[in-house]
Each structure stands twice: as C-alpha cells, then as structure tokens.
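In what follows, a structure is listed as structure tokens, so that the remarks can point back to it.
Keep in mind the model is a prediction, meaning the values are calculated, not measured. Proteins come first, then strands; the chains are lettered A, B, ... in the order of their sequence lines, and each starts at number 1.
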Amino acid sequence: MLPFCFEWVWDLGHVLFIGGLLFAPIGILGAGLTYCAVKAAYETINDSGESHH
Amino acid sequence: MDSALIPEGAKRCSFPKFYMGIAVVGAVVLWGLLAWGLIYWKGLNQTNMNDYYGFALWIWADLAVIAVGGGAFFTGLLKYIFKIDELKNIINFAVIIGFICYSSALLILAIDIGQPLRGWFIFWHANVHSMLTEVAFCLSFYFAVLTIEFIPNILENRQANKVSFFHHLAHNMHGIMVIFAATGAALSFFHQGSLGGVAGVMFGRPFSFREHLNIWPYTFFLFTWSAAAFWPCFTLLVTKITETITGKKLVGDKTVHLLSKIAGWMITSYIIAKIIDTIYWATVTAPSLGFKWTHFYSNNALYGKWMLFTELILCGVLPGVLLIMKSTRENSKLRLLAIILGVIGVCLNRWVMVLQVMAVPVMPFDTWALYIPSWQEMATTILPVAYGIILIALTYRYLPVFPQEQELNYPVEEEAVDEPVVAPAAEPVAATE
Amino acid sequence: MKQEHNKAHKFGMVIDLDKCTGCGSCMVSCMSENNVPFKDDESDKKKSITWMRVYKLTNGKSFPDTEIVYMPRPCQHCGGKGDHGHSPCVSVCPATATDYGYDTGIVSQIYTRCFGCRYCMGACPYHARYFNWWDPKWPEGMEKYLSPDVSPRMRGIVEKCSFCYHRYQAARDQAYAEGDKDNIPEENYQTACTTACPAGAIVFGDLNNPEHKVHQIVKPDPHPDPRNKHVVGKSRNPKVFRLLERLGTNTKVYYLSDREWVRKQGDNYLEGEWDKIKNHHGDTSHG
Amino acid sequence: MSEIENKAENGSTESAGECTSGDTKDDKGLGLGVIFFIVAFVVCFLSGTLLFPKLLYSKKEQPFNFDHELHVSEAGDCDACHSVREDGSFTGIPKLAVCLDCHAEDPLGETEDEVVFVEEYVNKEKEVPWLVYARQPDCVFFSHAAHTTNTDCKVCHGPIGESNSSRVYEENRLTGYSRDIWGKNIFGIKKHSWDRMKMDDCAECHKKETGHQGYCFQCHK
Amino acid sequence: MKVDRRSFLGLGLGAAAGITVSPMMLKIMDDSSILTQTTKTWPWALDHPPFDGEVSYESSVCSLCPGSCGISVRKIDDRPVKIEGLADYPINDGGACLHGIAGLQYLYDPARVKTPLKKNGDKFEEISWDDAIALVAGKLSDIRKSGSPEKLACIADKGQGSVSGLFKRLLKTFGSPNFYTMPSLESYLEVTAAALHGEGKTIGFDLENANFVLSFGAGIIEGWGSPVNCFKANASRKDRHAKLYQIEPRLSNTAANADKWIPIKPGTQADLALGMCAVILKNNLFNSMATGFTGFSKLTAMLQKEYSPSKTSEITGVKAADIEKMAISFAKAKMPLAVFGKGRGDGAQSLKEMAAVHTLNCLVGNINKKGGAFILPKNDYLEFPGESMDNTARKGFSKAKTGRYVNQLVEKVNASSKPVVEALFVYNSNPCYALHNPKSVKEAIGKIPFVVSFSSYLDETAMEADIVLPSHTFVERLEDVPSGAGLAKTVVGLTKPVIEPVFDTKNPGDAVISIAKALEGSIAENFEWESYEECLENVTSGIWDSLSEDGVAVISEGVPSGFVNVNISFIANNPVTIQAQGDYDLTLIPIDNMRLISAGTAASPFAIKTVADTVLKGTDIVVEINPLTAKGLKDKGFATLTTPMGTARVKVNLNEGMMPGVIGMVEGLGHTFDNKFVSNKGVNVNDLIGPVIESGSGLDAAFGIKAKIS
C-alpha cells in the first residue's frame, strides 16, 4: 500500500493507518535488525583482531 | 548422536527415541499436507463450508490460536517495559509458543483464502476501513517481531554460538529487545483487537454487532483483553504438558505463581467487562434491532443458553476466582483445572464469535444453519498443532529454552555457581514430581 | 470527492409481491445474462450461485388458513448507515474488491481483485453474495452462449448481482453516441430480471429521479427516519417496505404488498412492536 | 544473559575441535565471501533486469505487414476503419468486410504483403487473425464512445497512424496479454502516455480530467 | 584462493539478494496473480474469453410449450447469447417464462442427437441422412405392399401447424387414419367444445377482461394455457378489481395469489361445478337464453335430485353455505368466467369435469361475450393443396382409427398378439415419459417393429426407437407456430433460425418431405415442394407476407360473433365421476410446478437449478404432505410411497398448504436420458399413477391414485 497505489488517498485515515501500522513497524524492525547486524559484524571483525576477552 | 547440539549440562532422551516421536507427529503433519494439497488442487469445495458459512473451522482455529498464543506480547511488555524480571524464565518458551501460533495462523489463512496467489492484494490494495486489513498488517509484522525475538534463542544453540558473528548478533539483539518488544506489544494490541473487531463491526449481524467507541467496537478491546488474560493459562498448560512429557521441572514455582496471579486478575477483570458488555448487548443493542436475546440461543440443535453460561461463568468467573485466591492458586491441581477451563473459555468465545454469528438467522424467514467440518478442514487444522509439537520438541532438545532447568533438576554439585539462588531444601522435592 | 454529486443517480427497484407468481423467470434471466455457471447437483441451496434468489415465505398458519408469498431477493445494494456508502460488505472487504459507486449507488464486485477471503459473505445479512466453490464448467459447445459484457468468474472468488451494470455501460455508450451523455432515458437501463418478469412485478429505475416509476411508487423520504437516525430513504408509501431496514443498511430494493403479514416479514419486531409502528411511514406520515 | 548461555560460551573452548571457528584464521576468508556475494549479486540483478523480460515476452509477427500511413492517406482518418457504431459500441479492428469496401481479388498496390492478404484472406474469405497491440484484459470495459469525443487516439495508441510497418507484437507468456498494456520498460518508467496503459495510467488521466479516479464498475465488467 | 563454506554462503546470499532486488520477483508475483484473473487459468475452465462483437436483436417465437410466446434473441455477431420476451408481441408483450429464457441451453444440450441414428442391438450407430430416409421409405413401402397401410401410426404433440399438417398429409396419402396427438389443453378444449357445441370448435378464455374468474384447479400462474399471457392477465387483476377464486386440494402458487382458495377433495371438481349449477338454477339466476339449450330440462331435473348443496358439500368437502355464496356471486358477477384443466391442463383430465365447468359458463350466458368464454372455430389458416390418393390409400384411410386417443392405441397394441401397428412416427412428444404408466407404453412401443423418432434429444421414447431423425431446436428452425391453449385470440407466429444448425439435424418438415419423395408414386405427387421453406410459404400464402415481415399474423382477436348452440345433454345424463384407483387410505396427486416441464421435454439446467430443495434434494424427490397426515414421518426425512402401480423412495416435506389425506408429487422429474444436469433426479410421478379410462369420453381421466406412505 504505497503512495503511488491506485487506492492511496492522502487523508488522515491512510496516513495514520498505513503510516502507523505499515511503515512504522517496518522502519523500527528494519532499523533494529540492521543495527544489530552491523554491530555484530563490526564486533566479529574486531573480535578476530584481539584474543578472546 | 546429536549430543553436540544439546545444550551444555542438559539431559535429553536418546536420539532414536526422540526421532521416533517426531516421526509419529510427522505422520499427522503429512496427513495435513495431503489435505492442503487436495484443497489447492481441487478448490475449497473439499470443505463443508458454504455460502452461509464463509467463515468456519479455519477462521475459528485462527482466532483461537492467536488468542491463546498471542499473549507473548503481554509477557514482553511486562518483562521489558515493566521490568518484572521473574518472567525471564518463561519468556523464551512464550516466544516459541507465540511463534508457533502465529505461523500456524498465517498457514491457515494461506489455505483458507480462495485465491492464494492474490493474497498480497490485502497489502497492495488495502482498504483502510476494513478490520481484516488491520489483522493482516499487524499479524504479519508481529510474526516478524516474534521471529526476531526467537532468533536470539536459536543463536544460543551450542554450535551456533560458536560462530562469533551469531554470538554477537544474539548479544546485540538481546540488548535492544526492548524496542522490538514495545513494537510487538503495540502491533499485537491492535491486531488482537481487530480480530475482535472482525465480528463486532458487522452491523448486518445483530448477534456479534456491538456499539462503537470512535471506530472500534467494544469486542475490539474485549478480544485484546481476553488474549492477554487467557494467554498465561495456555502457556502454563503447555509448560505443564512439556514437563510431564520430559519428566523434568522446567519453570520455577515462583514464576508459575506469578503467571497465575497475572492470569487471575486479568481473567476476572476481563470477565466482568465481558458480562457488562453482554448485558448491554442483550438489553439495548439487540432489542433496538428487533431481537430478544433468547432468539440467538433457542430453537436450534447446538447454540443454547448453556453455551453462554459455560463461556461466561464456568470458563470465565470460575478460573478467574480460582487464580486470584492464593490458596487455590498455589494448589497445582486446582490451578491446572483453572488453566484448562480458561483455555476452553477463550476457544469457546472465539467459536461463538465466528460460527454462531453465521448460524443465527437474521432475515425473519431465514433458518438456522449448522455446519460440520470436513476431514480436510480438520486435517489442515491439526497440521499446525502437530507442526507446533515438533517445533517445541526440537527447540526443547537443541536450544536453551528454560533458564531454570539446570538448578531445578540437577541440584547444586559445581561450587562454581555461587549465587544464593538455591531455594531451601523443599525445592528439589517439588522438582522430582 | 464525489463525482458530480448533484447529478448522482441512485438506482433502485421496487418488487410488487402481490404480482410475483414465483415463476423463476427473473432467476434464469439473471443467470443467462451474467454467465452464471451451473453444476450437476444444484439442490444444496447453500452452494448454488443464483444472484437473484426467490424465497418462499409463509404466514405460518395451519391448513386451510396457510398463505404463501414469493419474494425475489437480488443484491440490495445497501447504502450503509445514513446512506454514506459504507455498506455492510463494502466496509469489511480488505482488498477493496467491492466498492460503493457514489455516481450510481451500485455496489460493485471486481472478480479479478477478490482473493476469496469471504468476509463480505459473513457481513451480508441477506445472503446475496455467493462463492465459487467449484471451477465453472460448461458442457462442450455451451460456452458459445456466454455474453462478452460480463467477465466469467473463476473458482475461489465471491460474486453477486450488479444490477446488470453492463447494461448501464451500454446505455451510457449509446448516450455518448447520441451526444447527450447525461440523460439516459428510463427504458434504456433496465435490469435483466425487470425485462424478463412476465408479471411486470419488478420496477427498476433511478430513485433520485422523480420522473422514474420506481420513485413515484416508493416516494423515498430523503430525511432520516425520526425513530432511527441511520435509516434514510424510507418509503412514504404505506404498502412499501424494505428488508431489515432497522439494521440501517439502507437497501435500494423496496418491496410492496397489500398483505400486512408479508410486510411484517420484512424485519424483526419485538412483542407488540409491529402494531405500534405498522402505520409509520416516513416523517410526514401520521404514524 | 541467561546462565545457560554462559555455560555454553565457556563450554565451547574444550569441545571437540572439528568445528572450525573461522575467526581465529586470517581475515581473507571474510573478504572472499564478500567478493562472491558481489559477483553473484551483479550477475543475478542484471539477468533479472535484462534477460528476464526477454524470456517473459514472446515475440510474434502480424500475419502480414500493414501500412497505416498509406491507408490513412487513402481511406481517411482513424474512424474510417475503427469506428463507433450508432449504439455507442466500438468496432475495434475492422472485419474483412470493411477491407472489401476497397480491396478485391486483384491487389491494388504492388507490395507483396497485399498479395498475401488477397490470396490468403480475401479469396478464402477468412478473417485476418490480427494480433491486437492494445487488447485490454478480459475484465476491462473501455468505452471508445466516451473517449473519442474528447481524447485524441494518439494519447493511448501512440503514433500508429503514421507508421508504415507493423511492429513486433510482444505477448506475456504467463498472462497472454500484450506488452503494450504492461509497458515497454520493466520498471514502468513512461516517456509517452501510450507507453503503458495499465489501471494506474487510466486513473491518472481520469483524476486530471474528471477530478475522480472513477468507480470500479466504470472500467470493470 | 581457498574457497570454503563462507564463500558459498556469500555466493548464495548474493544471488538471492540480486534476484530479489531485480524486478523479476515482483513481476512474476504480479503476473502470476494476473494469470489467476484470466479465464484460461485451469485447463478445464474456458480456453478463451467470450468474444465481443456487434450487438443485434432478432425476433422469433418459442415453441417449447403451446404458449407460443414471441421472443427477442440478442446476438453478438452471429452468436445468440440471450433470449427474452418480445415487446408488443400480441400474446406475451415482453415477458417470457424461464424455460424460454433458458432456450439456448437446449441448443447445446448434452443429450442432443447430433446425426441420424440407427438402432442395432441395444446400441445406436450413426448413419447419414440419405441412408436413414431410404431405410424408412423402404420399410414403409413394404407395409404398403402388404396391403394394410393403416398399420402406420404417428404420435405428434399437436394437430395444428404446417409440420403436423405434413405428417397428417403423409399418413393420409399413405392410407392411414392413425394420426394421434398427445393429451394437451388444446385437445381437451376441442373435446369439450365438441361435447357441448359440436365438432370443429375450440374454446378461448378472455382472462384479460373477466372480472370474476372461478378456476377449478387450473394453474393460471403455473403454466396453464399460454403461461405468460395468463401471468399478465393475473398481474392486471388488482387494477381491474377482478376476483380470482382457486378450487383445488393444494395451496398452489395460483391459490396463494388468488383472492380465495377453496380446498376441495381431489377429483370432485365436477361435482362442485354441478352443485353450483344446481344453485344457479334453483335461484333462477341463469341467463334467459339457457332455457333454449337442448337437454336443459333434463339437466335441471337431474341436478335437483343428485346435486343438492348438502349432498355436494358431502362429496366435495366444501361447506354448503360456501357453495351457495360462491355460485350466487359467480352468477351475479358482470363478466364471470369458469376455467377448467387441472394444473397445466395437459396430462389426464375428465370430460365430465370439463363439461360441468363449461356448463356453468353457458348457464350464466357469458359465451362469446367480453370477459367470457369464446367459442372459436379451429385455427384453419393452412391451405394445403388437395390430396390425390390412390385406391390403397383411399381404402386404408377409410378404415376406423385403432383407438380414439393415444392411451387407447397403447392398450390395443398391448392387447393384441399380432402387430396392430407396423410402423410408428413419434414427433415432438415423449409418450414413454408423459403418459401414465410408462412401463406399459414402453412395452407397446417395443412391440411395434419399426419406430421412427424425430426428437432433437435422445429422450425416453427416442431411446426405444429404431431410427432417430434429429430435428432442429426451436432456435435453429423456420416454422409457423399457431397459438392455442385457451387463448382468447388466434395468432400465428413464425419461428426463425437465429443460428446456423449446430449439428447435422434437419427441419422435421424437410424430413417428412424427403420421406414422401423417397416413397415415390402417388404419395410423392402430394409433396411437390423442394424444401420445407417453400412448402411453408405455399401453405400459409394467405398470411405469409405479414408472417415474414413482422413475424406474426393475428387471425382473430375480439369477441367472436354469431349464435352458438349449446347442447348440455352429455352432462344431463350425469356420467359417472372417476374414482382414484386402489384402496389405500391417502390420495397421491401430481403437482404442476412452473419450474419444471411435464410434457416430456426435460427442463434446462438453469430451470432445474431454480427448483427448491423442498421439491428436489440431491437425487431424491420430495413429496408434499400435511403434518397431520404424516404422523411419525420426520420433515426432510425419507419415506416409502406405495401405490397400486409401484413404490418409490421419497423425502417428506411437511407442508401446511396440502390438504390432509393428500400427497403431492411434482411432475417433470425422473428423466432417464444422458444429461447429468437434468436426468436421474427424483421419480417420474407417471410411474406411480395408472390410467383410468372415463367411460363417457374414452379419455384417461386419472386425477391421481390411492397411496400409502410409511
């Protein structure tokens, strides 16, 4: 359900509903996951640099 | 043989014995898959559904499975946001049950719709006014949250933990699990409610129609509330079953009592709200549409007043009271009774809100329609249950699901563990039950 | 934003139950016009697709005072509460496969969008929506009699009466060709059941247009009914009633009968309620 | 972190050595993985974007070449052959009878396409199986009567009137519909209005002209 | 470079990422859902959408039943797609019944005979038209040579129309008087008119104007007479303030729509009519002209003695006061009209009943008056050239017919050991299904050595035939269709072919002409026409121009003039009233359901689809029975129905509209030919009811049969 879809109407219902229930969760989950993955990758690389802490 | 995978220090049954069990349950899964294939090949005429019963066993299974499995959001909420740390012993298992329930809900929905290849239309051409769109959105994203909550547990497997990237990933995910839990809670609150809204919004069906608060019918809030209320019962029930099968004590009594207490208060508050709602509906909403409330419970073979009584009193007030009073809550026999009644209560409520809605005649000259599921419907409903059992068995065997498993079943030998966690001597006695 | 709201049509129907003979011409004409399929055994009426279905009602009395009446029931094309276009089915469809046409008042059903979740079938109290449980098949050669104006459906989707919308499309085409696209004479757009009814029991037209017969018979009351604010367009003709009006569905199919027991079958009433309101017809009536 | 996890971590050191904890080796292994990743990514992405459309759309030739430009100069504008009947319905691709108004047993011009036309179809009274570039899906109702009064044919059909050779007809192997509907560019980027004629394109123009995208049954049947 | 597990992982991930980011995934997802939107999704669905084209309308006439309504066929290029009523057609003016509307389904009926068939053993094999005609002609000429041409018989649906005319002409010039028509309302009207007004007449009912219609079981809105004409007459009843009283044991659709339903014991309608005549005579309400009827005084004496109101109410179960009130209001009405012919009016009717009801019309003097009964001459618009017969033909033709009606023919054939009938033509009728006790009819037809069926479908009778010469369906043929069946006006319509014949079938007229030509000699001389079209134009020359231009010719419309003499001596002799056969306690009566066809053609798949599940449930027929009579039987439960003719397993529908002591079973089900949408559903009610020959008229007048249910 993206803004260039046929059904999309720029009204409160759409913005709240689609924004709140589609884009917000995807955003949060996506950001959270990428953050973990990047941090983990970063740590793995540093890890192999030093010995086990 | 697969001992390398079994968590450190945990005793599991032998490999062949385990996979014998899996094979048996696997046969049920195959039977379900056969039914599924038949339905996709020949079409929905394989079921006993008809134009009166567009929603039937599958939608009830959907709603019931999500009601009993959806409480994981509530646990996450309590543990991560309200910091009730005692729940950490059950959070892993809750997430696994939630994951199984949501995956089976999506599986059933995939079988239930007439044109599976067009399923993505619900996202692409979404109708914002429809409750089912809300369900689809939040269901899928909360399933994503559950998967995210499940991944760290998987990565704690002995072999997986060896790969440092996984180890770090699990560690980091634990770190920000609060955010995921919060999103999950929000999403789950919405879609549990919208499942209730599915029935409450239908102003063409006086049996399930309820007055609205803004755009949400009261069943919206009742469904969320009942999901959170009856979820602990289901989790405790499944834990009890797992404990009896594995013969080990997996969750400390402290956690069990805490969960039962939460369930007790939630059930009682829910059932009071539900009774008020039912009374308002029976005295105001239905009569305004021309129906005496007895119309919905008379002259048909199945839906009588006994069903209302069972749902509200026998499986509502009784378990609530049993779980509130400390004495009955602590007694494991009564607690088990209350738990079972609770689970039956929520399943009955979902059955009534899906199938009785379709059965009740609305046009004066219409008649009651009754329905019996076909074997294909039953097979595809049991399929997720069997797949759930397999998943629980596998996670129990290979993943460190129960933190208290060590200290509950293998009383202290290594001195290395120095926390004064060991409960008084009475503890192990309870463990060996 | 509604398209040319002032010129919006509101197509509706009034069916005279005292003229209806229960002969079934409307059912067959509808099936033949709209490429509705048929199966070997159509006697399970809960799995039999008939967009127009004729119900047989009785006054419940025993021999010899029994009376029966036939009630043809097409899709009611509900306008929803307050007639704002949120019909029971349109408001629940998750993929906007069914929508309310504000320009005609007709509830559309798009067979290529519907993915068969069947929620709308549950929401409709009139059972006017049918599901393709089977794949439609025609005996060898018979597919040659299919009309190109209505796309044949495939299994797994819901279908319903469209007030023969393809005939409205043809009527507009003709109006365009004749240069005056906005005035479509009453007889240019009539549904298949109306034209087939041998007893002339079905009258179809634009409820918003005072010259149309349906408006003259029904005399719809534009103001909301004082007793139930959701109800709009209640008929001011004492002999005319609507199915399940109290639910606020605001249907566009009106029924007409001289017999009181037939009118009483149109809706649900508590004890003694019927006698109180049976003479109440729109706010101008004395009821 | 739960105790079990601590246990698992310490336990890893003395477990059997067969699992290669790669991290202690040199870090080239990781780089190699990344290279493979990029190579595979590029290859698959390009095949998806360039190779796939070729596979998806089959190319077909018209029964014989048709010179629009010549016919426009000879017979007159579009509605000489593609006309709206008086009941508002649209004739679409003309039937053989319309061609026979001018053509007869012996060809008028000297192109060998016309010879094919005359021998294969005129003499055998067989309808020409034209492949219709602009054929909309079965569920679509399009009223030419409503559009020909206010829209130029070029807007939707493009400059076919000026073409003197029939271009290749590309048909989607999966759906059986013409590529002109779903658009030349796989990403759906449109240079001219006639590059694509999907629902969104109709909606766009309706929104501009009538202020509303149109209700479902306006274009569906 | 060491390729290890990690690089494979990278490769896999890269490929997956590359594919997902490329438009392929989305495109395939989009296209696969579009594939589900096309009609060629599954091999068993349509392989192409219905083609668009130019819309055109062609008008024609439907000849599925005697109603002969005008129809307008909507065509796309040359494909007929929809049939509806023809506006301004003199008979139905725009409406059409469900069978006519579903007419196109007969065109592609799975049971259609595609080419001429020849029976060998018990299987049919295909043969060409020429061989078939030669074979038939060969057989016929042997019969003629054997010196007894009268052994050729023909059963047709009606005696009117050019095709029946050709059949009659062939039989006459061949030398056989044995031309029979199936029992239909048209034949019953002619028999009644003959009994009361002399030969060559028929009766029409001016329902559109009558303001007090007294129907003795006639299903006015259930297919009686010309169905759509009756629907329209009934629809305008309310505006004309006309009354309709329905007298029958069951609350039929007509009774439900009537102003008053008078339940009556089955089979006693005649007694009620005579009871009412007695009241009219006693109260001196009869028309002055009535005294001049022959047999009037005999009738008055008989009625006083036999049919006093109390005696009649005891026989019929209708209260005496009601009989009197009804008779008086009937006599006093401005335009009273009594109608007869139970149900659809075909099937079995008793002459006593029809004559008694028509006597009511005569007594109140509403004959040849507006809103009354019109005594019309038989519809003789056809001008066949004179037949030139050789002496065998003249000798054979002069002999007496083997029996007056079809059921007598069947009895005679079954009774005699040596073949009374050598060859039989069956045209547009299905005696093995539509007559009572089809088992004996099949037996009789089995005895006839050579049977030729002209049916378009392989129905019950065609399956017994030796040769099947398939004819066009009504949408493929050119034919004149004369109106009849009680219509107040006489109209001739023209059925026009709206589509090229779908299979290798012929117009039955052409088949008869080619048989006659193949017989050469004196017979061929009478069939000079090249084709049936030429014959049609020739024999309907008087009205051909209006027929061909506007597709219809109205022969006579308004009130017929002229004196009509009435002879009520038949009824005055008080013939015996038919009793139901058997001695069980309940009575089984057939029900004429508008949504089914009882005349032998099967209903179309669409029509069967509209039949309620309280009439047909799966393959089980559901009988109507009053809850009081069905003590112990469960609604929708199974039961066994036994009559002297046989037993049947049925389902029960407890129906308050059925008179206690009576069981109702619908006509038109229980077909056995090869069409899975229509056949092998329910039971043929004729199997359970045996013929009861009425002594006075020789008609099969069995209104039902005694039965028990358990």
Quick one: what part of [X] sits under 4.5 Å from any heavy atom of chain C, side chain, backbone, both or neither?
| X | answer |
| --- | --- |
| E:K676 | both |
| E:D613 | both |
| E:K75 | neither |
| E:A255 | neither |
| E:P49 | neither |
| E:N92 | neither |
| E:F51 | backbone |
| E:M659 | both |
| E:L104 | both |
| E:V615 | neither |
| E:A102 | both |

Donor-acceptor pair, side chain of [X] and main chain of [Y], under 3.5 angstrom:
| X | Y | result |
| --- | --- | --- |
| C:Y126 | C:L243 | yes |
| E:Y89 | E:I71 | no |
| C:Y255 | C:P72 | yes |
| E:R595 | E:L98 | no |
| C:S25 | E:A96 | yes |
| E:D52 | C:P148 | no |

In terms of heavy-atom pairs under 4.5 Å with chain E, which of [options] leads?
| options | answer |
| --- | --- |
| C:E143, C:K45, C:K19 | C:K45 |
| C:P139, C:G22, C:S29, C:A196 | C:S29 |
| C:T58, C:D258, C:V69 | C:D258 |
| C:G200, C:C23, C:A170 | C:C23 |
| C:D18, C:T50, C:L17 | C:D18 |
| C:R167, C:R53, C:E140, C:R259 | C:R167 |

Practice item. Run the salt-bridge test on E:R237 and E:D259 with the 4.0 Å N-O cut-off and return the result as yes or no. Key: yes

Point to revise | Pair E:D93 + E:K232: basic N to acidic O under 4.0 Å | key: no

Between [X] and [Y], is any side-chain donor less than 3.5 angstrom from a side-chain acceptor?
| X | Y | answer |
| --- | --- | --- |
| E:T254 | E:E222 | yes |
| E:Q37 | C:T112 | no |
| C:Q265 | C:N59 | no |

Point to revise | Aromatic plane relationship, C:Y189 with C:Y168 - under 30° parallel, 30 to 60° tilted, over 60° perpendicular | key: tilted

Any idea which of [options] has the most non-hydrogen atom pairs under 4.5 angstrom with chain C?
| options | result |
| --- | --- |
| E:G95, E:C97, E:C69, E:P50 | E:P50 |
| E:M658, E:M594, E:E656, E:K238 | E:E656 |
| E:A87, E:A256, E:P227, E:G85 | E:A256 |
| E:K617, E:R74, E:H99 | E:K617 |

Side chain, backbone, both or neither of [X] within contact of chain E (heavy atoms, under 4.5 Å):
| X | result |
| --- | --- |
| C:I49 | both |
| C:F115 | neither |
| C:C20 | backbone |
| C:D16 | side chain |

Review point. Would C:R263 count as a cation-pi partner of C:F241, with NZ or CZ less than 6.0 Å from the six-membered ring centre and within 45° of the ring normal?
Key: no

Practice item. Using a 4.5 Å cut-off on heavy atoms from C-beta on, say whether the side chain of C:D149 contacts that of C:E33. Key: no

